[in-house]
A.B. asks: 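Starting off with a structure, shown below.
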Amino acid sequence: MDEKYFAKKIEDKWQKKWAESRAFEIDIDDARPKFYQLEMLPYPSGNLHMGHVRNYSVGDASAWYKRLKGFNVLHPIGWDSFGQPAEDAAIKRGANPRDWTEENIKAMRGQMERLGLSYDWSRQMAAHRPEYYKFDQWFFLNMYEMGLAYKKLTQVNWCEFDQATLSNEQASGGICWRCGSAVTKKNLDQWFLKTTAYADQLLDDMKEIEAGWPANVLKRQRDWIGRSEGAYVEFPVRTAYSSGDVQPAAIAEGSDKIKVFTTRIDTIYGVNAVVAAAEHPIVQGHLGEFSPDVLAKIKEIKIEKLKPADRETEIEKDGIDTGLKAVNPFSGEEVPVWVGNYVMMEYGTGAVMSVPAHDERDLEFAKKFGLEIKQVIVGSQRPAVSGQPKLEEVFSDYGSLIDSGEWSGKTSEDAKREMAVYAEKHGFGEAATTYRLRDWGVSRQRFWGSPIPIIYCPTCGIVPEKYENLPVRLPDTAPFTGTGESPLAKVPEFYETTCPKCGEPAKRETDTMDTFVDSSWYYFRYLDPVNSELPFSPEAAAYWTPVDQYIGGDDHAVMHLIYTRFWTKVMRDIGLVKFNEPVKRLLAQGMVVGETFYDDESGKRAYYPASNVTVERDVKGRATGARSTDGTSLKWAIERMSKSKGNGVDPDEMIEIYGADAARLFILFAAPIENELVWNESGIEGSVRFLQRVWRIVWKWQAVLSVAPASAGGLGVLDAELQPPAAGGGSDMARKLRQKTHQTIQRITENLEHLQFNTPVAALMELSNAITDLKAEPDQASEAEVFAVKEAIVSLIIMLAPFAPHTAEELYSEFAGNSDGMLANGVRFPDSDLSLTRAEEIEIPVQVNGKLRSRVMASPESSDEELREMALTDEKIREYTDGKEIVKVVIVPKRLVSIVVKG
RNA sequence: GCUGGGGUGGCGGAAUUGGUAGACGCCCAGGACUUAAAAUCCUGUGCCUUUAGGGGCGUACGGGUUCGAUUCCCGUCCCCAGUACCA
């Protein structure tokens, strides 16, 4: 053993040993419980960033812990290797996407290995390899047969900056998930996967995973799916130019109708208008009857809607009375039909019934245009009023109905149910459920993705490729222009084919699949990575899945995590798996962020690396001013770490300076894993110091440690050589250290089971401090003391393994007498002996009138009466109680004594 | 605006879910070792006050419940995230 801790030396040694001994490669083993530890796979950009390091450090700690606990742990990694950056590199630098990607994978795997991550590399998958994307296509064909994949012409989300199509999830909030620029609309013929067919299951199955997923992720998915229960109601329509009194029933026959969706059919007697979207068929169908004013307004609204939405400003409500009239089928009342900019064609039916008294948006609209406001629901907050007052505020609660014909007096709940039934019975409506969730648009006009296995035949139409012809391979290259048209459309060797049905010349689909398809099922491929018949064998899936622990950023809450839940349900229906939910426990880690400095004079942010910036700070360390070395005044922010923003720390550099173990230890120690982590360099040195301290402890006691011959299994080493001192025997010092050791084991075990990673590091530090604080010397220590020290050190080393595996392995080899590694030696995480965690003397605080006044030492077994006596006779306490009346004494066993005095 | 989460030393963060607030680490100060420095080790470190022992205040702010509140309840302010007219 070296006297000093040389991180680089031991890290190289153990990385080599692990690889040679295939320490982390595993197989199905029915004798042991399995544990599937999964982390979100990276895009092979060429460089790991600190967010990855954090993600993979947590995952690795979890994997090590479970291994040491005796589980058969599957811990794989792979590559989300289809996607835009490869194609951008091709456009900008003429790089071949395949070569570029493979090189990046090689580089990043090297970084992961230098971090010492314990992956089973034999199971690695990469999305861009034909062996993998063959099964993207296999799934697509299955879904096509199941009626879950279909094509339609539609307005898609379009990112002008990236020249790319986006799914609704990727365009959430009107901004591109990749580059953050505003999303516009474009008409395209697209393939869709029917996620809506599983909308109810996606919602209802949440109860199976509620216990293991962060509440906010489930909430966001719930909001995204947006199930809303209500009713459809049809309003008969006639034009303003029809003359004479017409009965509602007469209008309904052979005339136009406008259908609305409402969640509050109980308020229908308060309707003052029907408001339709500008694109609504009823509006488009009557354009010829509208006045020039109306036509102008419709055009204006449509133009406004195509513009990218500005997140900050609220759009003012606007609209116009079309002159059309609609008839309320419940009351027979005639109301105007308006066009409104606040009604969306994409949701519900594209038209709403406006009830200003009970809906905020309708109220705003009615106020602006001076429309009638009629209250039809009363509640305790909004009592019945005589006549119709001017309503300033909306009343959207449930209550009971007034002025609603035969329904008056009913509660909202009853009315909602009964009125929907009534509408259905009379043929003008029905109870209905709508969703915000749309089908998943998967077509991308891109080269670097999985080709969609569809053929267009002049005679047979849309024909799916045959399974035996899969994979439909990408050509080696294509003309890359980045113009928004698929490069494959310019490669005749690719698209020219024959129809699988009639054998005549036909054309392939040239769009490729959204890369979220790849990540929807990648972690099933790890189970059976070389299967060429099926994506994976159902037997392997039955053993390993569902995933026990998944770790990744929560930015994927409504993208990847909703797609993969959908995909799992499809796989279940195909018969590949037997469960509804693929992930039992999810941990959403916080981002790693750093301070950035930039100049946005030109409209776009130009970032300056921190080394070129002089910063003024206030007493709290917050920036108050920043200037670049050339004198430019800069703005500053806290942003996600990245190389391009100049606030990134390169993992390789960090490993070089501090070592992988110290880096990993620090990133886990610095903050709770779900918090955002603001990177600062100085803390990491504390981790290095800690590892050095542990090293010195072992160095100091090595003579004692190596006495024991190697024997199987963790602390078993101790039993072979030394007997624990008899109960109550041994020195006070030895007893206290044993107590600390076992308390630490208990704490760390609990913490790790609850996915806390910062507090166990603190506990390890405390234990190492406790060993250092012993004033004992190895050559003078009693047998009991040697035992206690050895137990503490061995426990410390084993429990260090999840956080700093190289160091732990090297120190363990010191007393194992071999360098086979902990796992080969059958090491187990220590168990705590509860009888040792208890102290024989504890400090009991004593309060007088709620204020801490003294402490007394007592045995944990002290009776209430003894504690009361000790507290009341305590000298310091008597200063506060003498001459006063003792009203009450509260005694919490083993905790505290509280005395209440008066006078 | 709505929904959710949160506000604890100079900083990151602990605190058995009503029972000694500030564990652990960073920063900082003093000391030991050294010709010197680095490293290491030791001591101190919430604020105010006191010669000392001690005392007072303190978990965003104001109230409440309780012997006792960072923890529970009510109100106010602020921060972060998600969301954007979803009928």
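Just so we're clear, the structure is a prediction, and the values are computed from it rather than from any experiment. Each chain gets a letter, A, B and so on, in the order its sequence line appears, and its residues count up from 1.
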A.B. asks: With both distances under 3.5 Å as the test, what is the Watson-Crick or G-U wobble partner of B/A36?
C.D. replies: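 Partner of B/A36: none.
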A.B. asks: May I ask you to say what A/Thr263 touches in the nucleic acid, namely base, sugar-phosphate or nothing, with a heavy-atom cut-off under 4.0 Å?
C.D. replies: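 Since only primed, P, OP1 and OP2 atoms lie under 4.0 Å of A/Thr263, the category is sugar-phosphate.
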A.B. asks: Does a side-chain N or O of A/Ser172 approach OP1 or OP2 of B/U83 to a distance below 4.0 Å, or not?
C.D. replies: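 True: A/Ser172 side-chain N/O within range (under 4.0 Å) of B/U83 OP1/OP2.
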A.B. asks: Which nucleotide, in any strand shown, forms a Watson-Crick or G-U wobble pair with B/C27, with both distances under 3.5 Å?
C.D. replies: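 Paired with no nucleotide.
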A.B. asks: So, does A/Thr349 get its side chain near the phosphate of B/A87, meaning an N or O under 4.0 Å from OP1 or OP2?
C.D. replies: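 False: A/Thr349 side-chain N/O out of range (4.0 Å or more) of B/A87 OP1/OP2.
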A.B. asks: Between A/Arg853 and B/G56, is there a side-chain N or O to OP1/OP2 distance below 4.0 Å?
C.D. replies: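 Result: yes.
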A.B. asks: Looking at B/G46, which nucleotide sits across from it as a Watson-Crick or G-U wobble partner, both distances under 3.5 angstrom, or is there none?
C.D. replies: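 Partner of B/G46: B/C57.
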A.B. asks: Please state whether the phosphate of B/U40, meaning OP1 or OP2, lies under 4.0 angstrom from any side-chain nitrogen or oxygen of A/Tyr5.
C.D. replies: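 Negative; the distance criterion is not met.
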A.B. asks: Between B/U40, B/A87, B/U83, which nucleotide has the shortest distance from any of its atoms to the side chain of A/Thr262?
C.D. replies: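 Nearest to the side chain of A/Thr262 among the choices is B/A87.
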A.B. asks: With both distances kept under 3.5 Å, what pairs with B/U3, Watson-Crick or G-U wobble?
C.D. replies: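 B/A81 - that is the nucleotide pairing with B/U3, both distances being under 3.5 Å.
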A.B. asks: Compare side-chain N and O positions of A/Asn341 against OP1 and OP2 of B/C85 and report whether any pair is under 4.0 Å apart.
C.D. replies: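 It does not, given that no N or O in the side chain of A/Asn341 lies less than 4.0 Å from OP1 or OP2 of B/C85.
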A.B. asks: Which one is paired to B/G19, where only Watson-Crick or G-U wobble pairs with both distances under 3.5 angstrom count?
C.D. replies: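 Across any shown strand, B/G19 pairs with B/C67.
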A.B. asks: Taking 4.0 angstrom as the limit, do A/Arg853 and A/Glu879 come out as a salt bridge?
C.D. replies: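 Salt bridge: no.
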